Every structure is written in structure tokens, then in C-alpha cells.
Amino acid sequence: MRFELHAVLTLSADLTGLSKELGAFLESLNTTLLAKEPSRTAAITKWTTHEKTLTLTITSETSLRPHNALLQVKNALGAQFGKSHHLGIRSIAVPKYTITFELDRPPQKPVTIPFASVAIDGKTAVLTITDATEEFLQRNYIDRMITLVKEKVENQYYEGKAEFWKLIWASPEKHLVWTKDPTEEMEKLGWLKQGPTKGKWFYRPQAAAILKTMEYIAIHEVLQPLGFQEVIESHIKPFDIWLKTGHMEGMPYEFYYVVEPKTRDAKDWERFIDLTKITKEVDVAELQKNLSPPAAGIAYAQCPMIYWSFKGKTISESSLPVLVYDKTAISARYESGGRHGIERVDEFHRIEPVYIGTRDQLLDLREKLLERYTHVFDDIFELEWRKAWVTPWYMQQAGKIGESGTQETGTMDFEAYMPYRGTRKDSEWLEFQNLSILGDKYITAFNIKAQKSELWSGCSGIGLERWTAAFLAQKGLDPDHWPKGFTRYLSKLPTGIEFL
Ligand code: SER
Ligand code: ZN
């Protein structure tokens, strides 16, 4: 990696008479200030003066970046000549800053990033930043820009490739009662109504009863027996939470954003209200004038806000492992494509247990959760299902690809065969559940501590629509054909409402 920075410093007085002294001082910096540690050195390789300007070239091949060195040089100059010569530094401009570094492999197509032009020849990349301000350099974006170029090139190699997926276990084939799409059939029966907006459903009593039974089973067969306690979080996530979890860079195109009114003073809304009264339409342009820019979004997953609730806290050893779940926040994801059934929705209902404890506690908990889930899927639903290691959701939702996790940390997906989609072999199975251990990733991001233990955390997504879709796709809509384990919880559907 090689950095070369050209800076123009404008000083408060003419430098003509000072040129020699200045030169000697700058040269001395190369062996003092800029060479304090061998692994952190930079060099002023060229300097010229012209009237009130001092032009410098600073190069480095170490972790002392020239933009940091420049700020040190500026301070040193101020200290050396400020008092003795009444010389102040008025401004710094960086007309050109180039960074040359090697990539692991050549890009397959051009790469662009903000703030710099990118030229890549083979495996050698050159970033050129022009006309940078001192303020820009102080922000320390440079290393992130280098990382971003490397990441974008690496990602090109994963585009279009199948996602990481490794089968762990599969149940035996089960007796299936039909091959219809449960969403379509429930709509025909009036149990469900599509809408009112994209990817949303209105669950009438029959469908609501099934979803609520799923919730009941998850709580009474999985979470309560393991000692999980319920918490209630807000649906609305401010951006700083998503910045910490990585969602903001990974999933910005899938959020439902939330905006607040600019003012809640009715007077400011008079024109909008009048327009609505007269036109009986929503004048969106007028509305927008009264709205603040978005600063939050509706839940994408529930766990980020649970971590936020522990931010900066030290958890007592006696509370470990922390076992909590939220079943209140509704998640929203702006899904692509046309119409889908309840198995792929823009708005869904999920219970999300989150666990925080030592590595051993969490590995043990994973076994216990697996045992309880297996009981539900085998004994209560009698599902045909399988388990697989997949790309950890916290990598995927942070926009990182090609990561597989380890056997200790990572995400396990539970998938169900959906007979209406085709054969077992060729059709896409439905991910109806996941289970993850994240290691210390979010523990560190949210600065969560215990008295003495090193903490890990994890979560598991229990999607009620997904459980329902998997169960109904295999077992049909007729309670008479449902497994005994399930009819113990729901044997008769509500009568619902008849329409003429
Ligand atoms: N947070 C996990 C996910 O979004 C579990 O719900 O998949
Ligand atoms: Zn989660």
C-alpha cells in the first residue's frame, strides 16, 4: 500500500526569507515526528515555497497515513514558527491524494465509490482524491474507502452464485394431504383478505386463529419451558440502532421508513387540511412540506432493539443467560416481485427470542432450543422438514456475502417442503424458522458486559406466517386431517363471517 499526498498550506506571512530554516525543520520531521515507530512512518518527500504558500508531498507505506501525518506537521509548524516568526497556518488544501494498493484478485468490472476516482490495473488499485479539505481528511474515511473497494471487487465474485447452504439433517418423508397453495385456498374461503397495500394481509377469524395458535405453541412449548421472559419493544427503529447492527448499509432498500411531522401545530397544517377537505384527495406534495426527513424505520428484525435496551449495561452473573423474547413488534420488509402468499409478505408477525450468556451457556441453550423446536415440528405439526447451515443472517442483513460462520456461531435455517411448489427435489423449500448464535458481534457493537464472563448472544426468528404456511401447505385446511398434536391446541375453527 502506498500513499502520496500533495498539500498546499497557506500561511499568514511571506515565506521567502524563511525558506532555508523551514526546509531544515521539515527535513528534521522525517527523522523525528514522522518516524517515531518503524511501523508508523511517513516522509515529506518534496516541499516548495512560493510567497505565502508551502507545498508539501507526503508519502507513506505504513499505518501512519499521510493525511494524519499532515495534521501532525501542521501542528509542529505552528509550534515551531508560530511564536518566533508570528506565522500562522491559514488554510490547508489537498489538491491530490493517491492511494495505491493491491487486491486479492482483479475486478470483473469497473468499481466506483464516493469521494474518489478508482482506477484498477490488474490487481493494482489506485484511488485518487482531488481537492480534499482538511475537515474531510480528519474524518478518517480513507481506510474505509480502501476496504470498500476491496469488498466491492470480492463481491463481484459472489454475484449470481448460489448462497451458502449445507444440509445438517432431514426428517423422513411425511404423509401429505394435498398439493394446493394454502393462501389461495384461504382467500377463496374468505379466511384471508389481501392488502390493503402491497404484501399485507387481513387475517379474518379463521386465519387469525391459526396464527394465534402458532404463537401459543411457540410460547408454551418452546419459550416458557426454557425460562424465556417476555419484553415489549417499540416498532420504530431509529437509524443509530441500524448503524450499529449493519442493517443501514446492508438493507436500506428493504426498510419501511418512518417520518415524523415537522410540526404538530395545527396552524401549520391549515393548507393541507383545507386542500383535503376541498379535493377529498391527499396532496402528497403539500404533505411533504410538513414532514421531517426520515430518521427511523419499522422493525426489520426485533433483536436489534433488544440489544439496544442492553446498551452500555453490565449484566449480573446471576441473570445469565439472559433469555427474553418480543412478540409485539411487527416487522416490515419491502419485498421484491409481484404477488406472494402469506409465506412472503411485506409485513409479518414474529416472535423473536434473544439470548445473552457465556459461550457454553449459549451452545447448551442451542441444544435445548433444538430439542423443543424438534418436538413442535415432529410431534405437534408432524412436518416434513430439514435443517441447514446458511449464511449467518447478521452478515446477510449487513450486506456481506460469502460468509459461512462456524459450527459454533452462525445461522441454522429450518426448511419445510411445500408440496404445492413441486417435487421434493426440484422445488424451493420454505425457510420457516431460523436459529443463530452471533458470538460477540452485537455484544461488542452495543457495549454489553457481564461482571466477569465474556458474553455471546444469539436469536431465533419464529415467523407466525411462515409456521402457518408450512403447516397448512402440508396438512391442508381441514382440521379433521390435522395431526392430533395440533388439534389439541386448535380442533375447531371460528365460524367467521358470511358475506352475501
Ligand atoms: N434476527 C433474525 C432474522 O432477522 C431472527 O429473526 O432473521
Ligand atoms: Zn435476531
Side-chain angles (χ1 to χ4, degrees), residues 163-165 214-215 218-219 222-223 228 230-231 233-235 237 241-242 244-256 297-311 321-335 343-357 362 365-366 369-370 373 387-401 403-405 409-415 430-446 448 455-467 469-470:
E163 280 195 38
F164 170 73
W165 188 92
M214 296 303 178
E215 182 180 272
I219 291 167
V222 180
L223 300 174
F228 278 85
E230 183 171 2
V231 294
E233 67 177 56
S234 162
H235 295 279
K237 318 285 158 178
I241 293 185
W242 283 341
K244 285 203 162 57
T245 56
H247 283 85
M248 208 67 228
E249 56 198 71
M251 289 292 145
Y253 43 81
E254 273 192 25
F255 298 147
Y256 272 78
I298 299 177
Y300 190 90
Q302 287 132 291
C303 60
M305 190 166 276
I306 296 181
Y307 290 110
W308 163 86
S309 79
F310 289 104
K311 188 173 130 194
V322 169
L323 304 174
V324 291
Y325 69 91
D326 174 85
K327 69 176 179 76
T328 304
I330 292 161
S331 294
R333 297 184 180 181
Y334 194 81
E335 291 284 356
E343 74 289 343
R344 178 140 174 235
V345 281
D346 278 38
E347 176 183 64
F348 58 93
H349 304 83
R350 174 183 44 196
I351 309 173
E352 187 165 349
V354 169
Y355 23 97
I356 300 174
L362 293 207
L365 178 73
R366 178 162 71 195
L369 274 168
L370 281 172
Y373 284 138
K387 287 182 277 193
W389 287 113
V390 295
T391 303
W393 71 261
Y394 45 90
M395 303 304 301
Q396 185 252 327
Q397 290 177 19
K400 311 255 187 261
I401 47 180
E403 303 267 353
S404 63
T409 61
T411 294
M412 200 185 273
D413 263 359
F414 301 70
E415 302 178 347
L430 180 71
E431 297 157 18
F432 67 96
Q433 160 92 36
N434 67 16
L435 171 62
S436 307
I437 294 184
L438 286 66
D440 65 0
K441 201 174 167 60
Y442 287 177
I443 295 295
T444 309
F446 288 90
I448 304 168
L455 294 179
W456 272 19
S457 76
C459 66
S460 179
I462 305 174
L464 302 183
E465 280 87 353
R466 293 278 172 107
W467 274 27

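Counting starts at 1 for both ligands and their atoms, in listed order. Because the structure is a prediction, the values reported are computed rather than measured.
Ring orientation note: the planes of F228 and Y355 are nearly perpendicular, at an angle over 60° on the 30°/60° scale.
Proximity of Q302 to ligand 1, defined as any heavy-atom pair under 4.0 Å, is not found for any part of the residue. Of the heavy atoms in Q433, none comes closer than 4.0 Å to ligand 1. Contacts between T411 and ligand 1 below 4.0 angstrom, taking non-hydrogen atoms only, are absent altogether.
From the protein, the heavy atom lying nearest to atom 7 (O) of ligand 1 is N434 ND2, 2.9 Å. For atom 4 (O) of ligand 1, the closest non-hydrogen atom of the protein is Q397 NE2, 3.0 Å.
Every atom of ligand 1 with a heavy atom of R333 under 4.0 Å away is listed here by number and element: 4 (O). For ligand 1, the atoms closer than 4.0 angstrom to any heavy atom of C303 are 1 (N). Interface of G461 with ligand 1, defined as ligand atoms under 4.0 Å from a residue heavy atom, comprises 5 (C), 6 (O). Applying the 4.0 Å criterion to heavy atoms of C459 picks out, from ligand 1, the atoms 1 (N), 2 (C), 5 (C). Against a heavy-atom cut-off of under 4.0 Å, A301 is close to the following atoms of ligand 1: 1 (N), 4 (O).
Side-chain rings of Y300 and W242 stay apart, their centers remaining 6.0 Å or farther from each other. Side-chain rings of Y253 and Y334 stay apart, their centers remaining 6.0 Å or farther from each other.
The shell of residues lying under 4.0 angstrom from ligand 1, judged by heavy atoms, excludes M251.
Ligand 1 has a nitrogen or oxygen under 3.5 angstrom from a nitrogen or oxygen of E352.
Under a cut-off of 6.0 angstrom, the local environment of CH2 in W393 is crowded, with over 12 non-hydrogen atoms contributed by other residues, nucleotides or ligands. Counting non-hydrogen atoms of neighbouring residues, nucleotides and ligands closer than 6.0 angstrom, the CD atom of E230 exceeds 12 such neighbours.
Across all their heavy atoms, R466 and E343 have their closest contact at NE-O, 2.5 Å.
When the options L435, N434, I351 are evaluated for a side-chain contact (heavy atoms from CB on, under 4.5 Å) with I462, the one that passes is I351.
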For this session: Tell me, with the steps shown, if S457 and Y307 meet side chain to side chain donor-acceptor pair (under 3.5 Å).
Result: CA-CA 9 Å; S457 76; Y307 290 110; 2.8 Å; yes

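Between W165 and E415, some side-chain heavy-atom pair lies under the 4.5 Å cut-off.
The angle E352:OE2 - the Zn ion (ligand 2) - C303:SG amounts to 100°, with values rounded to 10 degrees.
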